2 protein chains.
Amino acid sequence: MARLQDRSSQGRRRASHSMESVLSEAVALLDEAGAPALTFRALAQRLGGGVASIYWYVASKDELLDQATDHVMGAVLADVEGLARTDDPIDDLREMAVTLFDAIVARPWLAAYFMRNTTAQSNSLRLYERLGEQTLRLDLDARQRFHAVSAIVGVVVGSAIDLGQEPPQEVLDGAVDRDEFLGRYARAWRELDPEDFPFVHEIVDEFDGHDDVDQFRSALELTLTGLRLQAGPPPSSR
Amino acid sequence: MARLQDRSSQGRRRASHSMESVLSEAVALLDEAGAPALTFRALAQRLGGGVASIYWYVASKDELLDQATDHVMGAVLADVEGLARTDDPIDDLREMAVTLFDAIVARPWLAAYFMRNTTAQSNSLRLYERLGEQTLRLDLDARQRFHAVSAIVGVVVGSAIDLGQEPPQEVLDGAVDRDEFLGRYARAWRELDPEDFPFVHEIVDEFDGHDDVDQFRSALELTLTGLRLQAGPPPSSR
DNA sequence: CGCTGTATCGAACGTTGTTCTATCGTAGCG
DNA sequence: CGCTACGATAGAACAACGTTCGATACAGCG
């Protein structure tokens, strides 16, 4: 009968990890049950080793989070860099932002960590650079470029945050699906006094069962339209 | 010699709280040293009582956070409702958003909680309503209005998040001020290869010592410009 | 063989949110 | 006045968490 891993016949063997395996399992835990599920004890158990061993690879939980985040951001960065470039930098910015947002939809826990510490997360810094390089193709000054990229990242983060904290436990467990969860809010909102909350009543049907990606794309479009206006006519038309 | 509170001459008297005092002290702790400082034991000590007593007023820490957030959001809502209305709904939206952002600058911990649970935080819901009511004055359909308000809240949250997680402990303790903290990043960024990071070098001077409020206002302006364009000409000109 | 540095692990510590159980104090009532 | 019910308080204990400590295994090399 084949044994798991390469542990030999009897008695507890010591586990042998690697930075790669530590980060992979950490990401797996985050993916499966969100940030609260990533504990040193759960991670050690998955690695088949002791709790303290993990501290040989990372100095603290903060660093573990940073490294795990950077680990997956590597793939996101590759996706962004693999995007085809057009002659419109704003179109490119949109595609980049959407790619980033898609990654966060797939891994909601990313939202809270992916821009926390750009010295420890080099892939996030590179992504920031790639976004910024598109603004270099626009007729803006340095401050406007800085603010433009901050705005775009802000839209991504802002849209992603409520996404990340939406699941109150039940959605992650699969006991309640997202539509039912939204429906509860919608039901509560519909019972508000229409005179006191005319706007909430106006949009409750839109809210019920809405798509987060649509919501994000709309917010992004407003920012990009504003940016296009700020940049003035494209250089080719001058 | 006057004694603290109204405890009588000798022996431990039981403390008597109230919802008000619990929330006030909770907010005080959050203001003084951020979210990690709000523990049941620290709160109990400030109230001069036992740990378990707090559970008579709130069922969990999550509820404590929600109620404390709603507590201060009451004042924010009052500020927003006290704003003078103009004939331009977008100008009003801007003033409201800035008022909200100012409140978050004063209390960075707000960013993470103020839109978490609108059924438990009625003041946040009311604020959401007030923002939305401005879009009722614009020529938009229901979905566009829903997305517009989401976008504005998203910009606020997105700009506020890095604000809230900036202080890595030293800034809160007052050991290191914010400019020095930004300077460290700027110094690290300046040492990157200019060929690999042209954008980062372009904007590092803007980043160094930048004002968060400027950054936010710029991001907000892009969204509002996009929204104004989307809404088309004002009804008066038709 | 012994030494050294790398890598591992169990046990323990302090702090956190939460629960259990016991108790106090006062308003209401006979 | 005494008794009771209940609103309100609190200490002790529990499980889970991040983190540290000291001991120990293993491979490479002289």
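First the proteins, then the strands, lettered A, B, ... as listed; each starts at 1. In this text, all values refer to a predicted model and were calculated from it rather than measured experimentally.
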Next item on the list: Indicate, with a heavy-atom threshold strictly under 4.0 Å, whether B:Thr39 touches base, sugar-phosphate, or nothing.
Entry: sugar-phosphate

Next item on the list: Would you kindly give the OH-to-C1' distance between B:Tyr57 and D:dA10, to the nearest whole Å?
Entry: 13 Å

Notebook entry, point to check: Are any of B:Tyr55's side-chain N or O atoms less than 4.0 Å away from OP1 or OP2 of D:dT9?
Noted result: no

Check: Do the ring planes of B:Phe207 and B:His210 sit parallel (below 30°), tilted (30 to 60°) or perpendicular (above 60°)?
Finding: tilted

Next item on the list: Please state how far atom CG in B:Leu65 lies from atom C1' in C:dG17, giving the value in whole angstrom units.
Entry: 12 Å

Next item on the list: Figure out the NZ/P separation between A:Lys61 and C:dT15, and round it to whole Å.
Entry: 19 Å

Notebook entry, point to check: Over how many whole Å does the gap from A:Leu43 atom CG to D:dC17 atom P extend?
Noted result: 12 Å

Item checked: Integer-rounded Å distance: C:dA12 C1' and A:Phe40 CZ -> 17 Å

Note to self: If you compare every side-chain N and O of A:Ser53 against the phosphate oxygens of C:dC9 (OP1, OP2), does one of them come in below 4.0 Å?
What the structure shows: yes

Notebook entry, point to check: Please give, in whole Å, the distance from D:dA16 P to A:Leu38 CG?
Noted result: 17 Å

Next item on the list: Can you spot which of B:Leu220, B:Val155, B:Leu163 makes a side chain to side chain contact (heavy atoms under 4.5 Å, CB included) with B:Phe101?
Entry: B:Leu163

Next item on the list: Drop me the distance from B:Arg107's CZ to B:Leu30's CG, to the nearest 0.5 angstrom.
Entry: 9.0 Å

Next item on the list: Calculate the interatomic distance between B:Leu47 atom CG and D:dT9 atom P; express it in whole Å.
Entry: 10 Å

Check: Between A:Arg14 (CZ) and D:dA23 (P), how many Å, whole number?
Finding: 15 Å

Margin query: Any salt bridge linking A:Arg187 with A:Glu191? Criterion: basic side-chain nitrogen under 4.0 Å from a carboxylate oxygen.
Written below: no

Check: When all nucleic acid strands are considered with a 4.0 Å heavy-atom cut-off, which category describes A:Leu64: base, sugar-phosphate, or nothing?
Finding: nothing

Check: So which one's nearest nucleotide on DNA chain C is more toward 5', A:Arg41 or A:Trp56?
Finding: A:Trp56

